[in-house]
Every structure is written in C-alpha cells, then in structure tokens.
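Convention: sequence-line order gives letters A, B, ...; per-chain numbering from 1.
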There are 2 protein chains.
Amino acid sequence: MNVSTKPERTRLSAENWEVAALQLIAEQGVGALAVEALARQLGVTKGSFYWHFRTREALLNAALERWEQYGEREVINEIEQITDPRKRLPELFRRVAHELQPHRVYAALLKALDHPQVVPVMARVSQRRMEFLTTAYREAGLAPPQALNRARLTYAAYVGFLQLNFTLGLPRINHEEFEAYVEHMIATLIPA
Amino acid sequence: MNVSTKPERTRLSAENWEVAALQLIAEQGVGALAVEALARQLGVTKGSFYWHFRTREALLNAALERWEQYGEREVINEIEQITDPRKRLPELFRRVAHELQPHRVYAALLKALDHPQVVPVMARVSQRRMEFLTTAYREAGLAPPQALNRARLTYAAYVGFLQLNFTLGLPRINHEEFEAYVEHMIATLIPA
DNA sequence: CGCAACCCATACTCACCCGTATGGTCACCC
DNA sequence: GGGTGACCATACGGGTGAGTATGGGTTGCG
C-alpha cells in the first residue's frame with residue numbers, strides 16, 4: 001500500500017503540470033500558482049518544472065489555453081444540437097446549473113482579471129458565450145436589441161452567481177432551493 | 001505652486017492610510033496593497049506606517065471596516081425614504097446604475113474573496129443588500145419565495161455586471177446603450 | 001524654555017519565490 | 001552494454017516585500 005497521493009513515481013509530462021496548475025487555480029486562485037508549491041504537490045522539485053516550461057508565465061499560458069480549448073466543446077457544442085430553439089435556453093440553463101464543477105476555473109479566473117495573461121482569454125470566452133446567448137434569445141422570439149440586453153443580463157447573472165456562491169459563501173443555498181432558483185430564472189428571463 | 005500630489009508635508013494619521021489603502025484597492029486590487037508602495041505614494045517611508053499599524057493585515061482590516069461603515073448609509077438609507085414601494089425598485093436601479101464610482105471598491109473586493117479577511121465583510125454587506133432587495137420585491141407584490149429568488153437574480157446580475165465591465169473590458173458598452181440596458185433590466189426584473 | 005509624546009527615516013533581518021547551473025539517474029535502443 | 005536523451009535533484013544567485021530596531025526631528029504643552 002502506498003502513501004496517499006504521493007508516491008506516483010512515474011515521470012511527468014507537460015500535460016501533467018498543466019492540469020495540476022488548473023486544479024490549483026480552481027482551488028486557490030491564479031495568485032497561488034507558484035512553481036515550487038506545485039512541484040511539492042506533484043512530489044518533485046523545480047528541476048523538473050524548468051525542463052518542461054521555460055518560465056512560470058509559460059505554464060500559465062499553457063494551462064489557460066488548455067482550459068479554453070476544452071471549454072470550446074464543453075457546453076455550446078452540445079446545446080447547438082437541440083433543434084427546437086424554444087427548448088434550447090431552458091435546457092442550457094438547467095445543464096449549466098448542474099455542472100458547477102467545470103465552472104470553478106472560470107470563477108477563479110474572474111478573480112484574476114488584473115493579470116494581463118488571463119484578460120484576453122476571458123474576453124474571448126465571454127464574448128463567444130455572449131454571442132451564443134444573443135442568437136439563442138433572438139431565435140426564441142426577441143427583437144435584436146432586446147435579445148442583446150437579455151443576453152447581457154443573463155450572463156451577468158451567471159457570473160454573479162458564481163462569485164456569490166463559490167467564493168463567497170452566503171447562506172449556502174441548498175439543493176431544492178437551488179432548483180427552485182433555476183426555475184425562477186427560467187421563468188423570469190426566458191420569453192414565453 | 002507645489003509639485004503635484006507630493007509635497008503635503010503634513011503628518012499623517014491612521015485615517016490617511018486607510019483612505020489611501022481603499023483608493024489603491026479600488027484601482028489595483030487587494031493584492032496590490034503593499035506597505036512600501038503605499039508609503040511611497042504618500043511621500044513617506046515604512047517607518048511611518050509601522051507607527052500607525054501593527055501589521056499589513058491590520059491596515060486591511062481597518063480599511064475594510066471603514067468601507068463597510070460608509071457603505072451602510074450609502075444607498076440603502078436614501079432609498080428607504082421613498083414611500084411608494086412600487087417606485088422604489090426602479091429608482092434603486094437607476095440610482096445604482098449612475099453611481100458606478102462607489103462600486104469600484106466592491107468590484108475589487110469581489111476579486112479578493114480568497115483573502116480570508118475580506119470574506120466576512122463581503123458576506124455581511126451582500127447579506128444586507130440581499131435582504132433589502134428581498135423585502136423591496138415583497139412590497140412590490142411578489143410572494144415571499146418569488147421575492148427571494150428575484151432578489152438573488154437581481155443581485156447576481158449586479159455583481160456580474162461589475163465583473164464584466166470594470167475588470168474585464170468586453171465591447172465596452174457606451175452610454176446610450178447602457179441606459180437602454182438599465183431600462184431593459186427594470187422591465188424584465190421588476191413586476192408590473 | 002524644555003520635556004514628552006508623537007511621527008518618521010534609515011538600516012537592517014528574514015522569508016519567499018523565480019530562474020539558472022550543473023550533475024545525476026533512469027529508459028530505451030542499436 | 002554502452003551511449004544518448006528525457007527527466008529530475010541540489011545548490012546557488014537575485015529580487016521583493018514584510019517586519020524590527022533605533023535614532024532623529026517635530027509638535028504640543030506646562
């Protein structure tokens with residue numbers, strides 16, 4: 001029997017470092033992404049790290065790119081397969097609401113918008129999602145200006161919810177209550 | 001004529017440090033709150049700082065407390081004077097929308113929810129605002145559960161908007177467009 | 001005037017973390 | 001079975017920023 005989470009004596013690849021970095025970002029934020037700390041967590045030393053990456057920045061960029069790439073095919077591609085436009089938005093809401101785990105990185109990145117490296121990534125991701133929401137609302141029957149504003153409102157509500165529940169603890173909404181909240185969002189934001 | 005913003009050769013008080021800290025937080029975030037940097041900005045050295053405060057943490061706490069105290073009588077007390085409950089929410093929306101400046105600190109603090117010192121402060125502030133919103137929605141005619149969820153939605157939209165516009169730059173919404181967005185929020189979130 | 005209390009400068013120490021240099025140890029393959 | 005390259009440890013240099021020690025200057029006040 002091995003000691004817990006330590007004795008994986010296999011060699012590491014750049015990918016290992018990247019996913020470890022993303023996990024650390026999700027748990028402790030971008031600011032906590034330190035080379036030596038990550039190395040300790042992986043059971044190696046900096047010597048390993050600087051073989052795979054030229055610098056700390058390089059790791060951050062690689063991790064961000066990996067996350068962005070994954071997010072590409074995460075939700076949007078799945079939702080786009082729903083043919084009936086009127087079913088799309090409620091389904092999107094419910095699906096996003098029940099996959100809170102992949103949003104941890106996004107929430108952490110929101111808190112790191114002072115780092116110049118994350119701004120372009122977040123700008124691209126948010127922009128794509130906004131456009132997706134906007135067209136979805138248009139297809140649901142809203143006029144273009146209304147659709148854009150409703151998309152803004154919806155996305156802001158999503159972002160704000162992440163902040164208020166992941167990072168801030170607030171009265172820690174429970175499960176049934178959360179379901180009711182999601183349905184309330186659907187009823188309020190999606191045109192009948 | 002004196003050189004710009006430098007030659008205030010008056011002695012400093014703890015209060016001076018606190019407001020300077022808040023300004024720096026609003027502009028560059030909690031992470032940028034460094035003792036020596038602040039001292040340079042105030043035209044003194046660390047020697048001064050460590051006379052007024054025992055540690056950097058102490059300054060942060062003092063600054064946060066000052067901000068929380070001020071926020072107490074900031075908006076809520078003004079709005080509560082509006083007698084007609086149905087006029088209250090639209091007025092609140094419009095007023096908050098046009099005073100984006102005082103929200104800079106709040107936006108900066110949202111990005112610092114990993115620091116254990118800011119969490120309780122933000123929890124209290126957000127909790128108070130949420131309760132205010134909830135009763136406002138009840139007085140506007142919503143049933144208690146609906147009112148609570150609508151308050152959650154509204155406040156999340158507010159928080160998210162701060163994130164997406166202050167820190168992230170997104171297509172930088174302009175003035176008329178912003179007005180239209182606010183009216184859209186009012187029409188969507190406030191019951192007729 | 002003179003003495004405190006108050007405010008600040010200078011000069012450190014200490015801890016952390018990035019990046020570099022260099023040598024060691026496996027795996028794999030001809 | 002020896003050599004080459006991938007992977008990692010160790011040790012070091014350098015920068016930054018928090019906190020301490022201590023002495024000097026200024027202000028209020030008796």
State which residues pass side chain to side chain donor-acceptor pair (under 3.5 Å) with [X]; sequence neighbours excluded, sorted by chain then number.
X       : value
A/Arg94 : A/Glu183
B/Glu15 : none
B/Arg86 : none
A/Glu91 : A/Arg95

Test item: B/Phe178 and B/Asn165 side chains (from C-beta on) under 4.5 Å apart, heavy atoms:
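When only atoms from C-beta onward are counted, B/Asn165 and B/Phe178 do not touch, as no gap falls below 4.5 Å.
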Where does DNA chain D pair, written as one dot-bracket string 5' to 3', with Watson-Crick or G-U pairs under 3.5 Å, ( ) inside the strand, [ ] for crossing pairs and | for another strand?
||||||||||||.|||||||||||.|||||
Is there a donor-acceptor contact under 3.5 Å from the side chain of B/His52 to the main chain of B/Leu12?
yes
Starting at atom [atom1] of [X], determine the distance to atom [atom2] of [N], rounded to an integer number of angstrom.
X       : N      : atom1 : atom2 : result
B/Arg11 : D/dT26 : CZ    : C1'   : 5 Å
B/Gln41 : C/dC8  : CD    : C1'   : 18 Å
B/Trp17 : D/dA18 : CH2   : P     : 11 Å
A/Glu36 : C/dC16 : CD    : C1'   : 8 Å
A/Asn16 : D/dC7  : CG    : P     : 10 Å
B/Arg40 : C/dC8  : CZ    : P     : 17 Å

Not counting sequence neighbours, which residues clear ring pair (Phe, Tyr, Trp, His ring centres under 6.0 Å) with A/Tyr181? List them please.
A/Phe161
Which residues pass the ring pair (Phe, Tyr, Trp, His ring centres under 6.0 Å) test with B/Tyr106, not counting sequence neighbours?
B/Tyr158
Qualifying residues under salt bridge (charged side-chain N to carboxylate O under 4.0 Å, His left out), relative to B/Glu179, sequence neighbours excluded:
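Listed in chain order: nothing, the list is empty.
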Closest-nucleotide mapping onto DNA chain C: is B/Ser13 or A/Val35 further toward the 5' terminus? I mean the 5' end.
B/Ser13
Side chain of A/Thr45 - closest among D/dA18, C/dC18, D/dC8
D/dC8
Mind running a 4.0 Å heavy-atom check of residues 47-61 of chain A against DNA chain C and sending the residues that fall below it, in number order?
A/Tyr50, A/Thr55, A/Arg56
